[in-house]
Amino acid sequence: MSEPRPVRVRIAPSPTGLPHIGTFRTFLFNWLFGRQRGGTFVIRIEDTDRERLVPGAIDALLDAVEWFGLDWDEGPRKDGPYAPYEQSERLPLYHRYVAQLIANGKAYRCYCSTERLEKLRSEQQARKEPPGYDRLCRDLTPAERATREAEGAPSVVRFAAPLDGSTTFHDVIHGAITWENRVLDDFVILKSDGFPTYHLAHLVDDHEMEISHVLRGDEWISSTPRHVLLYQAFGWEPPIFAHLPTILGPDRKKLSKRHGPTGIAAFQEAGYLPEALRNYLALCGWSPGTEQELFTLDELIEQFDLERVNQTGAIFDHAKLDWFNGMYIRALPPEELARRLRPFLGYASVTLPDADLTAIAALFQDRLRTLSEITELTDFLLTDDVHYDAAALVPKGVTSEQMIPALERSRELVASFDPFEAASLEAAFRTLSDELGLKAGQLFMSIRLAITGKTATPPLFDTMVVLGRQRTVDRLAAAVARLRSGTP
RNA sequence: GCCCCCGUCGUCUAGUGGCCCAGGACGCAGCCCUUUCAAGGCUGAGAUCGCGGGUUCGAAUCCCGCCGGGGGUACCA
């Protein structure tokens, strides 16, 4: 029963908001699966809900996909043999299929008002019955229908679902899933505004576009029986289904804005590398069965296996994402890291030569978990505003009378030292601290504070070299002046 | 309410009847390295495998019941 259909997969986002991290996990899995099978990857825009449309959402999504580092073969900005790829431009197609269903007695027009439907629902709830359409219009006589049409009554089209029996489908991840048909009602397939519902539109398009595998979030499991019934009504073979586990918030509810920023743009702005996010997301619901955690895209394509996707929802773990991000940052060549860091330094870096930025990148590479952290870490390099408490220049058990000459001599040493290079500087300063009767750590910490305003920085002499001789000298001089004028 | 899905360390997971008094990773703690902070290395704490019954010489793994969580129950996707 295995059919050698070429693999064609898709993601079908609806432009009703900003692109969401969960969408990208689904996107990734589809893409990996498609690439692994040498298949075709399609993006289709499901814009049938005219009321929730968000302007610019499609571009935001496509931009985010490109940032994420994946591509698509057919869809917006690409075109393809099954164009158009926006459902709002495919209305005649849906209408044709709806007409076919009505002609075959598989669907019917329903004239029930929203008010009647709401009343019906609340009565059913009061009686503790399962809510659902009572099929009032299903058995209207042709004469009755003609009357309603003549009156110009608004209508929707409903699918005439079977009243008994059961529907079973096979899911790659969950196995066989069976529903009793009687719990399904006659759901709407064409809305009164002439737009199809998701149930009809996605299915017609998946068929028309010859989609072979549908990998989607598991919140769709409960509507899949309806889809299977529709496929049967059309006489079409359904695609292979795989329902992916949900990404959850810390409260085990579906991840949403309530849990903080979930838009893909927020991750970009926070300084996450697309390759790190991909790696993390790949492991969110899938595992290779080995102890490998770090994967290149090619390894992911090679090893990804739908059969090994979990059935359980996974809580989104920011801390682990941070770890991945740090690993990927450290693996970058410093020049490349510098290139990625530049947008996060903003105005302060516009005149900074690439070589200087590369030196900065190398200095902080081990200390970054996200790119955006660079801003705070490097403020002392990009501006001359260095703030600190002068009293902290003096270590415990040392007097300011000792520290003034110590910092003065440090200034002189920096001013005249040649070559201005970290290892030799360190050797010279160790000698100096001995002469001054200070522990190296004491002298170094005092200098560190004086030139950076911070007590935690990269190694002192590497920092000096990047700061530059003149600025180092100036800041040491400023520190001496502050100690001289300050309280003892 | 009804229907469906799910249930292994805090989190992501490995595990498909004996190799598991449960392995890895993140996080956490400690130690080492060290001029601070990181990075790196090592060590450790952390799971009565949701609960209760079975089946079996033997169960996280099979069966039944229960409980818990999630999703659906729209002219939203």
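In what follows, every chain begins at residue 1, and chains take the letters A, B, ... in the order their sequences are listed.
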Item to complete: Name every residue in residues 176-191 of chain A that has at least one heavy atom under 4.0 Å from any atom of RNA chain B, in order of residue number, or write none if there are no such residues.
Response: A:Ile177, A:Thr178, A:Trp179, A:Val188, A:Lys191

Item to complete: Specify the separation, in whole Å, of atom CZ of A:Phe444 and atom C1' of B:rU36.
Response: 11 Å

Discussion item. So A:Pro459, base contact, sugar-phosphate only, or nothing? Heavy-atom distance under 4.0 Å.
Written reply: base

Practice prompt. Once you apply the 3.5 Å cut-off to both distances, tell me the Watson-Crick or G-U wobble partner of B:rG68, or none.
Written response: B:rC6

Worksheet entry | Nearest-Å distance once atom P is located in both B:rC62 and B:rG72 | 28 Å

Worksheet item: A:Lys106: what forms a side-chain hydrogen bond (donor to acceptor under 3.5 Å, both in side chains) with it, not counting sequence neighbours?
Response: none

Worksheet entry | Approximate separation, where rounding is to 0.5 Å, of A:Arg90 CZ and A:Arg44 CZ | 7.5 Å

Discussion item. What's the separation between atom CD in A:Glu118 and atom OG1 in A:Thr114, rounded to the nearest 0.5 Å?
Written reply: 6.5 Å

Worksheet entry | Length of the CG-P vector between A:Leu438 and B:rU36, whole Å | 16 Å

Worksheet item: Measuring from A:Leu443:CG to A:Leu407:CG, what's the distance to the nearest 0.5 Å?
Response: 7.0 Å

Item to complete: Pick the C1' atom in B:rC12 and in B:rC28, then give their distance to the nearest Å.
Response: 16 Å

Worksheet item: How close or far is atom P of B:rG27 from atom CD1 of A:Ile315, stated in whole angstroms?
Response: 17 Å

Worksheet entry | Test ring pair (Phe, Tyr, Trp, His ring centres under 6.0 Å) applied to A:His318 and A:Phe324, A:Phe267, A:Trp323, the passing residue | A:Phe267

Discussion item. Measure OH/A:Tyr198 against P/B:rC76 and give the value in whole Å, please.
Written reply: 14 Å

Discussion item. Can you tell me if A:Arg252 touches the phosphate of B:rC12, counting only side-chain N or O atoms and a distance under 4.0 Å to OP1 or OP2?
Written reply: yes

Worksheet entry | Distance below 4.0 Å between A:Asn310 side-chain N/O and B:rU13 OP1 or OP2 | yes

Discussion item. Can you confirm whether A:Lys439 is buried at NZ, in the sense that more than 12 heavy atoms of other residues, nucleotides or ligands lie under 6.0 Å from that atom?
Written reply: no

Item to complete: In whole angstrom, give me the gap between the P atoms of B:rA39 and B:rG1.
Response: 49 Å

Item to complete: Provide the full list of ring-ring contact (aromatic ring centres under 6.0 Å, His included) pairs with a residue in residues 423-456 of chain A, sequence neighbours left out, each pair given once.
Response: A:Phe429-A:Phe461, A:Phe444-A:Phe461

Worksheet item: Is any side-chain N or O of A:Gln311 closer than 4.0 Å to OP1 or OP2 of B:rC5?
Response: no

Item to complete: Write down the distance separating the C1' atoms in B:rU16 and B:rC49, rounded off to the nearest Å.
Response: 14 Å

Item to complete: Can you sort out which residues in residues 10-33 of chain A have a heavy atom within less than 4.0 Å of RNA chain B? Ascending by number, please.
Response: A:Ser14

Discussion item. Under a 3.5 Å cutoff, is there a donor and acceptor pairing between the side chains of A:Ser155 and A:Arg145?
Written reply: no

Worksheet item: Quick one: is B:rU35 close enough that its OP1 or OP2 comes under 4.0 Å of any side-chain N or O from A:Arg448?
Response: no

Item to complete: Would you state whether a donor and an acceptor, one from the side chain of A:Thr312 and one from the base of B:rC6, lie under 3.5 Å apart?
Response: no

Worksheet item: Residues in salt bridge (Lys or Arg N to Asp or Glu O under 4.0 Å) with A:Arg411, at least two apart?
Response: A:Glu408

Discussion item. Just verifying a value: how many Å separate A:Gln292 CD and A:Glu299 CD, rounded to the nearest 0.5 Å?
Written reply: 5.0 Å

Worksheet item: Near RNA chain B, under 4.0 Å by heavy atom, which residues of residues 317-326 of chain A?
Response: A:Asp317, A:Ala319, A:Lys320, A:Trp323

Worksheet item: Closer to the 5' end of RNA chain B via nearest nucleotide, is it A:Asp49 or A:Arg330?
Response: A:Arg330

Worksheet item: Think A:His202 has a side-chain N or O under 4.0 angstrom from the OP1 or OP2 of B:rA77?
Response: no

Discussion item. So if I take residues 215-232 of chain A and measure heavy-atom distances to RNA chain B, which residues fall below 4.0 Å?
Written reply: A:Glu219, A:Trp220, A:Ile221, A:Ser222

Worksheet item: Does A:Arg308 make a side-chain N or O approach to OP1 or OP2 of B:rG15 shorter than 4.0 Å?
Response: yes

Practice prompt. Pull out every residue in residues 89-100 of chain A that has a heavy atom closer than 4.0 Å to any atom of RNA chain B, ordered by number, or say none.
Written response: none

Where do N or O atoms of nucleotides 60-63 of chain B meet protein N or O atoms at under 3.5 Å, pair by pair?
none

Fill in: Any strand: nucleotide that pairs with B:rU61 via Watson-Crick or wobble, under 3.5 Å
none

Discussion item. Counting the atoms with a prime plus P, OP1 and OP2 as sugar-phosphate, which does A:Ala440 contact under 4.0 Å by heavy atoms, base, sugar-phosphate, or nothing?
Written reply: nothing

Worksheet entry | Set of side-chain contact (heavy atoms from CB on, under 4.5 Å) partners for A:Glu336, sequence neighbours left out | A:Leu332, A:Pro333, A:Arg339, A:Arg340

Item to complete: Look up atom CG in A:Leu91 and atom CD in A:Glu89, then write down how far apart they are to the nearest 0.5 Å.
Response: 10.0 Å

Discussion item. Whether A:Arg158 engages the ring of A:Tyr133 as a cation-pi pair (distance to the six-membered ring centre under 6.0 angstrom, angle to the ring normal within 45°) should be assessed.
Written reply: yes

Item to complete: Output the distance between atom OG1 (A:Thr378) and atom CG (A:Leu368), rounded to the nearest 0.5 Å.
Response: 9.0 Å

Item to complete: Nearest whole angstrom, please: distance from the C1' of B:rC37 to the CE of A:Met445.
Response: 8 Å

Item to complete: Give A:Lys253 one of three labels, base, sugar-phosphate or nothing, depending on what nucleic acid heavy atoms sit under 4.0 Å from its own.
Response: sugar-phosphate

Worksheet item: Rounding to a whole Å, what distance do you find between A:Leu436:CG and B:rU35:P?
Response: 18 Å

Worksheet item: How many Å lie between CG on A:Asp171 and C1' on B:rC6, as a whole number?
Response: 13 Å

Worksheet item: Given the C1' atoms of B:rG24 and B:rG15, what is the spacing between them in whole Å?
Response: 12 Å

Practice prompt. Using a heavy-atom cut-off of under 4.0 Å over every strand shown, decide if A:Met464 touches base, sugar-phosphate, or nothing.
Written response: nothing

Worksheet item: Can you name the side-chain contact (heavy atoms from CB on, under 4.5 Å) partners of A:Gln100, sequence neighbours left out?
Response: A:Tyr97, A:Asn104, A:Phe234

Item to complete: Determine the contact category for A:Thr455: base if any of its heavy atoms lies under 4.0 Å from a base atom, sugar-phosphate if only primed atoms, P, OP1 or OP2 are that close, otherwise nothing.
Response: base

Fill in: Residue-phosphate contact under 4.0 Å: A:Thr48 side-chain N/O, B:rA77 OP1/OP2
yes

Worksheet item: Rounded to whole angstroms, how far apart are CG on A:Leu248 and P on B:rG69?
Response: 14 Å

Worksheet, complete the sentence: RNA chain B nearest-nucleotide lookup for A:Phe316 and A:Asp366: closer to the 5′ end is A:Phe316

Worksheet item: What about A:Arg430: does its side chain form a donor-acceptor pair under 3.5 Å with the base of B:rU35?
Response: no

Worksheet item: For residues 50-59 of chain A, which residue pairs qualify under side chain to side chain donor-acceptor pair (under 3.5 Å), counting only residues two or more places apart or in two chains?
Response: A:Asp49-A:Arg52, A:Asp59-A:Arg77

Worksheet item: Does A:Thr197 place a side-chain N or O at less than 4.0 Å from the phosphate oxygens OP1/OP2 of B:rC75?
Response: no

Worksheet item: Would you find more than 12 non-hydrogen atoms of other residues, nucleotides or ligands less than 6.0 Å from A:Glu435 atom CD?
Response: yes

